[in-house]
Amino acid sequence: MTDPTDRNPVAHGPESAADLGTLPPLGEVPRQMHAQIVRPDRYGDPTHAFRHEVVDTPAIGPDEVLVAVMAAGVNYNNVWAARGYPVDQVAVRQKRGETEDFHIGGSDASGIVYAVGDRVEGWSIGDEVVVHPGVWDADDPWIASGKDQMIAPSAKIWGYDTNFGAFGQFARVQSHQLMPKAEHLTWAEAAAPTLVGTTAYRMLHGWQGNTVQEGDLVLVWGGSGGLGTQASQLVSAAGGRAVAVVSDDERGAYAMKHGAIGYIDRRDFGHWGVPPLVDDAAGQKEWTSGARAFGKKLWEIAGGREDPAIVFEHPGAATIPTSIFLCQPGGMVAICAGTTGFDAMVDLRYHWTRQKRLQGSHGTNDAQAYAYNDLVRQGTIDPVLGRVLAFDEIPRSHAEMGRGEEVFGNTVHLVGAADPESGRR
């Protein structure tokens, strides 16, 4: 990460912030900006944790870029940031020497380059971009040795672990995070998929020995949401077959519209959560019966007694036991979150004897992000924009996500864009 003392102000425009839905002249950066701010004394329900404030526009370092945010996407990580749990991000950053006593989140953005650091190459003021969420120290010894950037000790998620993310009029990013915006997309569409899409790409393509292959059956939890619809499309693009898990028929139809070959309604089953202990014979029998019934439904959709080569996980506590149980021998359960809880239980009998892989997956490296963005620019991947909301509805969307109120696709908030249809060329 850039040393906070190595950042310089870039403001050379008006003193006051530009109105939301407008932009100052290209390259003129106001000294202040509108932002949705989380402060530690408001941690808790996102409805109250986020507040619209005006703050100083951030300075940038020599390898950083200032992006005028046109639209910002919503992800679960800033539900956590608003709660201050499981990590108090403001406190963590202050321990690193950063001085701000607030958090500006947001890990998905489309926008326009308004300022570049002295050492930035390949990007110029006026470029239309999207931002991928992986950040790290360029001189991290792990990275210098050629290892995966996102596993490096310095790796972080932009707009969650870092400040000045997408929920301000101007965002500070490392230059390698920038990718060309797809010209056929609006600002809102372009802001929708990058975090979930690059996360899904890494989960499906990033783990040697268990990457999605042509013909593979893949079970996708949360199949109608932003992450699940990206996963199903990526599976389909690789020649695989995705089966979505959803909570009703309408969501199942939505998942099939975006790449799934079929769906399972999780409400038809009741074996979720931590199973009974192994020495509880009656409880184990009941739980196993539920898991097998779920598996038989998967077989019906697959057209035969076929178990998934990959299980695409993010609920965590409620679903991991079933995922491990169903995954084929030698297959992989890849997990990127724990939206139903972090205390998941694995029955090791089904894990070691059948040599299955439980793989944690987090964020994206540059190569994976660029490969995913190429698919978006080619039109192979639909961003699955679910709804477009105003800037001041950022607290509402995070509160709804935190309560588990499912929406179709990805939620996006307008920042610099005047309307949902602007930005398409």
Side-chain angles (χ1 to χ4, degrees), residues 1-7 33 35-46 48-51 53 55-61 63-66 72-109 131-143 148-168 170-174 176-177 195 198-199 314 316 335-339 341-343 360-365 394-395 398-399 401-402:
M1 306 288 289
T2 297
D3 189 321
T5 62
D6 197 25
R7 290 191 172 112
M33 67 176 189
Q36 286 286 345
I37 303 286
V38 172
R39 294 184 183 273
D41 62 358
R42 297 197 295 265
Y43 281 159
D45 185 338
H48 308 293
F50 285 98
R51 189 172 297 172
E53 300 182 25
V55 297
D56 289 344
T57 303
I60 60 172
D63 295 313
E64 294 177 330
V65 174
L66 195 71
V74 173
N75 297 284
Y76 203 94
N77 59 7
N78 272 279
V79 175
W80 290 327
R83 293 171 175 168
Y85 175 84
V87 178
D88 180 339
Q89 291 292 359
V90 173
V92 169
R93 288 198 289 267
Q94 288 180 334
K95 288 181 180 178
R96 292 203 299 262
E98 298 184 34
T99 59
E100 294 87 9
D101 60 354
F102 57 80
H103 171 74
I104 301 177
S107 300
D108 264 318
V131 182
H132 84 64
V135 299
W136 43 75
D137 292 344
D139 58 356
D140 189 312
W142 177 281
I143 295 170
D148 190 318
Q149 295 152 329
M150 198 63 226
I151 303 179
S154 65
K156 296 173 178 63
I157 298 297
W158 174 72
Y160 173 63
D161 299 306
T162 71
N163 210 351
F164 297 106
F167 297 151
F170 291 91
R172 183 174 66 204
V173 305
Q174 296 179 341
H176 70 89
Q177 294 176 256
L195 183 140
T198 57
T199 297
H314 63 86
I335 185 164
C336 66
T339 55
F342 309 127
D343 300 320
S361 191
H362 185 55
T364 182
N365 62 32
I394 286 174
H398 286 82
M401 183 174 280

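Values below: all heavy atoms of this structure, side chains included; hydrogens, waters and symmetry mates excluded. Quantities reported herein were computed from a predicted structural model and do not represent experimental measurements.
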Rounded to the nearest 0.5 Å, how far does [atom2] of [Y] lie from [atom1] of [X]?
X: D161; Y: S154; atom1: CG; atom2: OG; value: 11.0 Å
X: N78; Y: I157; atom1: CG; atom2: CD1; value: 11.0 Å
X: T99; Y: R93; atom1: OG1; atom2: CZ; value: 11.0 Å
X: T57; Y: L66; atom1: OG1; atom2: CG; value: 7.0 Å
X: D108; Y: N75; atom1: CG; atom2: CG; value: 5.0 Å
X: H314; Y: S361; atom1: NE2; atom2: OG; value: 13.0 Å

Taking every non-hydrogen atom, the tightest pair across [X] and [Y]:
X: I60; Y: R172; value: CG2-CG, 3.9 Å
X: A49; Y: A82; value: CB-O, 3.5 Å
X: G159; Y: S107; value: C-OG, 3.6 Å
X: G402; Y: R83; value: O-NH2, 3.2 Å
X: A81; Y: V38; value: O-CG1, 3.9 Å
X: A166; Y: A72; value: O-CB, 3.4 Å

Q94 side-chain N/O to E100 backbone N/O, donor-acceptor pair under 3.5 Å: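 Yes; judged by distance alone, with no hydrogens or angles, the pair exists.
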Checking the side chain of Q177 only, and the main-chain atoms of H132 only, is there a donor and an acceptor separated by less than 3.5 Å?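 Flag set: sc Q177 to bb H132 pair under 3.5 Å.
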Any side-chain heavy atom of [X] within less than 4.5 Å of one from [Y]?
X: E64; Y: V173; value: no
X: M33; Y: I104; value: yes
X: V87; Y: V92; value: yes
X: P395; Y: Q36; value: yes
X: W158; Y: L195; value: no

W136 vs H176, test: ring pair (Phe, Tyr, Trp, His ring centres under 6.0 Å). Steps then yes/no. CA-CA 10 Å; W136 43 75; H176 70 89; 4.5 Å; yes
With sequence neighbours left out, what residues match D101 under salt bridge (charged side-chain N to carboxylate O under 4.0 Å, His left out)?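 By the salt bridge (charged side-chain N to carboxylate O under 4.0 Å, His left out) rule, D101 matches R39.
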Set of ring-ring contact (aromatic ring centres under 6.0 Å, His included) partners for H398, sequence neighbours left out: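 Listed in chain order: F50, F167.
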Residues that D343 engages under side chain to side chain donor-acceptor pair (under 3.5 Å), provided they are two or more places apart: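 If we apply the side chain to side chain donor-acceptor pair (under 3.5 Å) test to D343, skipping adjacent residues, there are no hits.
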Parallel, tilted or perpendicular, as decided by the 30° and 60° cut-offs, for the rings of Y160 and H103: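 Geometry flag for Y160 against H103: perpendicular rings.
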Hey, can you tell me if F102 and F164 have their rings parallel, tilted or perpendicular (30° and 60° cut-offs)?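 Taking F164 first and then F102, their aromatic rings stand perpendicular (interplane angle over 60°).
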R42/E53 under salt bridge (Lys or Arg N to Asp or Glu O under 4.0 Å): CA gap, chis, key distance, verdict: CA-CA 14 Å; R42 297 197 295 265; E53 300 182 25; 3.1 Å; yes
